[in-house]
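Here is the structure we will look at.
Letters A, B, ... are given to chains in the order of the sequence lines, protein chains preceding strands, and every chain is numbered from 1. Note: hydrogens, waters and symmetry copies are ignored here, and every other heavy atom, side chains too, is used.
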Amino acid sequence: MIATMAAALNAALRDCLREDPSVIVFGEDVGPLGGVFRVTDGLAREFGEERCFDTPLAESGIVGTAVGMAMYGLRPVVEMQFDAFAYPAFEQIASHVAKMRNRTRGRVALPMVIRIPYGGGIGGVEHHCDSSEAYYTHTAGLRVVTPGTPADAYWMLRQAVASPDPVVFLEPKRRYWARGEVDPAVPGTPMDRAVVRREGTDVTLLAYGPMVQTALEAAEAAAEEGWSAEVIDLRSLSPFDDETVTASVRRTGRAVVVHEAQSFCGYGAEVAARVTERCFHHLHAPVLRVGGFDIPYPPPALEEHHLPGVDRILDAVARLQWEHA
Amino acid sequence: MLPSPQPLGLIDPDGKRTAYRGHPLPPPEVLRELHRRMVIGRRFDRQAGALTRQGRLAVYPSSHGQEACQIGGVLALGPGDWLFPTYRDSVALLTRGIDPVEVLTLLRGSWHSGYDPYRYKTGPQCTPLATNALHAVGLADAARRRGDDVAVLVLMGDGATSEGDAHEAFNFAAVYGAPVVFLIQNNGWAISVPLEKQSKAPTLAHKAVGYGIPGRLVDGNDAAIVYAVVHDALEKARGGGGPTVVEAVTYRIEAHTNADDPTRYRDDEEVAAWRRRDPIDRMEAYLRGNGLIDDAALDGVRAEAEEVAAGVRERMRADDHVAPAELFAHVYAEQTPQLREQAALLAAELAADADVDQEVPA
Ligand SMILES: Cc1ncc(C[n+]2csc(CCOP(=O)(O)OP(=O)(O)O)c2C)c(N)n1
């Protein structure tokens, strides 16, 4: 079927609720309203108030109660309404969700999914557009994944709910309405693996979530300039799929990592460091980062200047010391 | 819903039955058990303090003075019930039946938690204040959703009630009708900060009312009233009656931990006054005064406490060696390739160290 990413996520939640009676879905406005992005549309009606429900307005409360519920054998899938509104839950996430298994020497697992719509590009006012992935990837014990296509949205969410580990599931909100083929009958690639979205030979573009589409457009434009760009959709930000990424960069000898988030101490810094450590003798140029500026997320009228686009990616590709090729 | 203006009590500081008749006095065998556990708990606590001075524990937050709260609360739990303790609650854990050495795992620093939460229906000791209250509410609510006959008791300090998670836990519990009892051990101090800098509520039990939860104010040095009120609240919770907040007014006789210096913020007279309200002395006086215990039985209890202490002393002499490879074992359900690499790196470092050690002439 052709579906939007939001519809694919909705279908994934519906199938999880149907197949596993321990799955419960809760958060702010996820009940009768179906979530502000309609990702939980119809679930309360179909599965009842006991399986899909609205909580009081308190993010730490949502995640903290999910910890206790998971301890008792439920599989909570909770929604944080927006990236920046997940911050009140950070203590529960960093101090308990991520650490409980380790703290208890493997005795208490916390299988749960924390869904967070993230990133900009939708004209959102302050606090609705943060790229907060690095806070979570810096926290050992969490799996952090982000789909770039509707098909991945469906399958990665299914896998996240089935995972024995807690998963921070970052949903690129500007791609919620992007359409693509989703086949609930054909299992997707495991969520902890990166995939090559477009093959190329000269340079590897590493992107995830909202930037996958942008990187693909940049690769198209690069082809016109004579560069053959490979595009990798990282999918799993933590753990990182070194194998797929390293194999690509060793072949192409050049890499650019692209994200919306501020570059300083951003996720791309880790990617650039890892790629450099593992591919140094194959590299013709330093790994470059294309990210947002090191500023608080800008107001809607100015966000286009902040968000990396095709041109900024192409500029980075152009700087990869082709004269030494 | 409002708590009583004065803390409820069944046995006064002199070991006399109070005039309060709102709760029946627990039966003699329960009173004797409360007493026995308090004597053992106090002795264990003293032993843990000694182990800290000997460097066998990294840190120890004492339960001295708070035995009535911890033991009254824990003994009130039913067979299917859960407990969510804090770092302060070693004596509660001992009373829960957890191996004392496993109680001390966190504090001796060999791992973050020593016991199996499922075996004892007890969450790990929780250090981030008030965060355990939400876990308790979540577990209680999960049990309610499943239709299980389970209630949950969560322990928290007076300082912890200022945290946002305490507020969220009270509110979620009320809205969900979760079978949970919040037992606030108001020991007067949060490290160096007295209660009056923590809250302007008439009492901490009053806070409950704002959430639509009944608040109960009890004498936290009277094990009988703590047991009776918590027992009632748990029963009510299991029956679908929702949460209760119980504030038990008590006192932290020792420093916050061995690393603290209470002379910088409180007077000895205050401590002395609370020593006169000791929870064990008053229970002993009541039991003796009413012919419920004799010298032989008392000697028996004290001997048992000595035995527990000796066992802890002996077993804590042995090092609790944890293989360094375990650092990488429980981060995820399955080790990631990155953690496998890092485990190999550490193993190589250790092997190299071992080689160097062998080269040193004997
Ligand atoms: C979120 C958080 N902030 C600060 C601390 C540091 N800390 C540990 S114990 C403590 C005092 C807590 O007082 P109270 O809740 O009254 O419990 P008590 O230690 O007296 O039993 C503080 C500030 C902490 N553990 N967690």
Worksheet item: Which heavy-atom pair separates A:Leu74 from B:Ala142 by the least distance, and what is that distance?
Response: CD1-CB, 3.6 Å
Worksheet item: For B:Leu327, is it the side chain, the backbone, both, or neither that has a heavy atom closer than 4.5 Å to a heavy atom of chain A?
Response: backbone
Response to the item:
All heavy atoms of A:Asp165 vs all of B:Ala333, minimum pair found to be OD1-N, 2.8 Å
Discussion item. Quick check on B:Val152 against chain A: is it the side chain, the backbone, both or neither that has a heavy atom closer than 4.5 Å?
Written reply: neither
Worksheet item: Do you know the tightest heavy-atom contact between A:Glu49 and B:Arg145?
Response: O-NH1, 4.2 Å
Worksheet entry | B:Pro337 vs A:Glu243 side-chain heavy atoms within contact, under 4.5 Å | no
Worksheet entry | Which of B:Cys126, B:Ala136, B:Gly138 touches chain A most, by non-hydrogen pairs under 4.5 Å | B:Gly138
Discussion item. Quick check: closest heavy atoms across A:Pro239 and B:Thr336, and the distance to 0.1 Å?
Written reply: CG-CG2, 3.5 Å
Item to complete: Tell me, for A:Gln92 versus chain B, whether the close heavy atoms (under 4.5 Å) come from the side chain, the backbone, both or neither.
Response: side chain
Worksheet item: Hey, which of A:Pro164, A:Gly73, A:Pro21 has the most heavy atom pairs under 4.5 Å with chain B?
Response: A:Gly73
Practice prompt. Could you tell me which portion of B:Ala143 (side chain, backbone, both or neither) has an atom closer than 4.5 angstrom to a non-hydrogen atom of chain A?
Written response: both
Item to complete: Can you tell which part of A:Ala58 gets under 4.5 Å to a heavy atom of chain B, answering side chain, backbone, both or neither?
Response: both
Response to the item:
Counting heavy-atom pairs under 4.5 Å with chain B, the top scorer among A:Pro111, A:Pro166, A:Gly64 is A:Gly64
Worksheet item: Listed by residue number, which members of residues 98-107 of chain A have a heavy atom under 4.5 Å from any heavy atom of chain B?
Response: A:Met100, A:Arg101, A:Asn102, A:Arg103, A:Thr104, A:Arg105, A:Gly106, A:Arg107
Practice prompt. Against chain B, label A:Ser238 side chain, backbone, both or neither, depending on which of its atoms sit under 4.5 Å from a heavy atom there.
Written response: side chain
Fill in: Most chain A-contacting option - heavy-atom pairs closer than 4.5 Å, from B:Gly123, B:Pro128, B:Ala133, B:Ala140
B:Pro128
Practice prompt. Between chain A and each of B:Leu339, B:Thr131, B:Val331, count heavy-atom pairs under 4.5 Å; write down the option with the most.
Written response: B:Thr131
Worksheet entry | Exercise: identify the closest heavy-atom pair between B:Pro117 and A:Val108 | CG-CG2, 3.5 Å
Item to complete: Let me know if B:Pro124 has heavy atoms under 4.5 Å from chain A in its side chain, its backbone, both or neither.
Response: side chain
Worksheet entry | A:Tyr135 atom OH, over 12 foreign heavy atoms within 6.0 Å | no
Worksheet item: What part of B:Val175 lies closer than 4.5 angstrom to a heavy atom of chain A: side chain, backbone, both or neither?
Response: side chain
Discussion item. To the nearest 0.5 Å, what is the distance between NE2 on B:His135 and NE2 on A:His96?
Written reply: 4.0 Å
Discussion item. Is B:Tyr115 in contact with chain A via its backbone, its side chain, both, or neither, using a 4.5 Å heavy-atom distance?
Written reply: backbone
Fill in: B:Glu334 side, atom CD; A:Asp192 side, atom CG - distance, nearest 0.5 Å
8.5 Å
Worksheet item: Which region of A:Phe53, side chain (C-beta onward) or backbone (N, CA, C, O), has a non-hydrogen atom less than 4.5 Å from a non-hydrogen atom of chain B, or is it both or neither?
Response: side chain
Worksheet, complete the sentence: For A:Met71 and B:Trp82, the nearest pair of non-hydrogen atoms, with its separation, is CE-CZ3, 3.9 Å
Item to complete: Check step by step if side chain to side chain contact (heavy atoms under 4.5 Å, CB included) holds for A:Ser163 and B:Tyr332.
Response: CA-CA 10 Å; A:Ser163 171; B:Tyr332 297 95; over 6 Å; no
Discussion item. Around atom CZ of A:Arg45, are there more than 12 heavy atoms from other residues, nucleotides or ligands closer than 6.0 Å?
Written reply: no
Discussion item. With a 4.5 angstrom heavy-atom cut-off, is it the side chain or the backbone of B:Arg119 that approaches chain A, or both, or neither?
Written reply: neither
Discussion item. So for A:Ser95, is it side chain, backbone, both, or neither that comes closer than 4.5 Å to the heavy atoms of chain B?
Written reply: side chain
Worksheet item: Taking B:Asp141, B:Val137, B:Thr127, B:Asp116 one by one, which has the highest count of heavy-atom pairs under 4.5 Å against chain A?
Response: B:Asp116
Worksheet item: Side chain, backbone, both or neither: which part of A:Leu142 has an atom under 4.5 Å from a heavy atom of chain B?
Response: backbone
Worksheet item: Which region of B:Tyr118, side chain (C-beta onward) or backbone (N, CA, C, O), has a non-hydrogen atom less than 4.5 Å from a non-hydrogen atom of chain A, or is it both or neither?
Response: side chain
Worksheet entry | Residues of residues 162-173 of chain B near chain A, each having a heavy atom less than 4.5 Å away | B:Asp165, B:Glu168, B:Asn171, B:Phe172
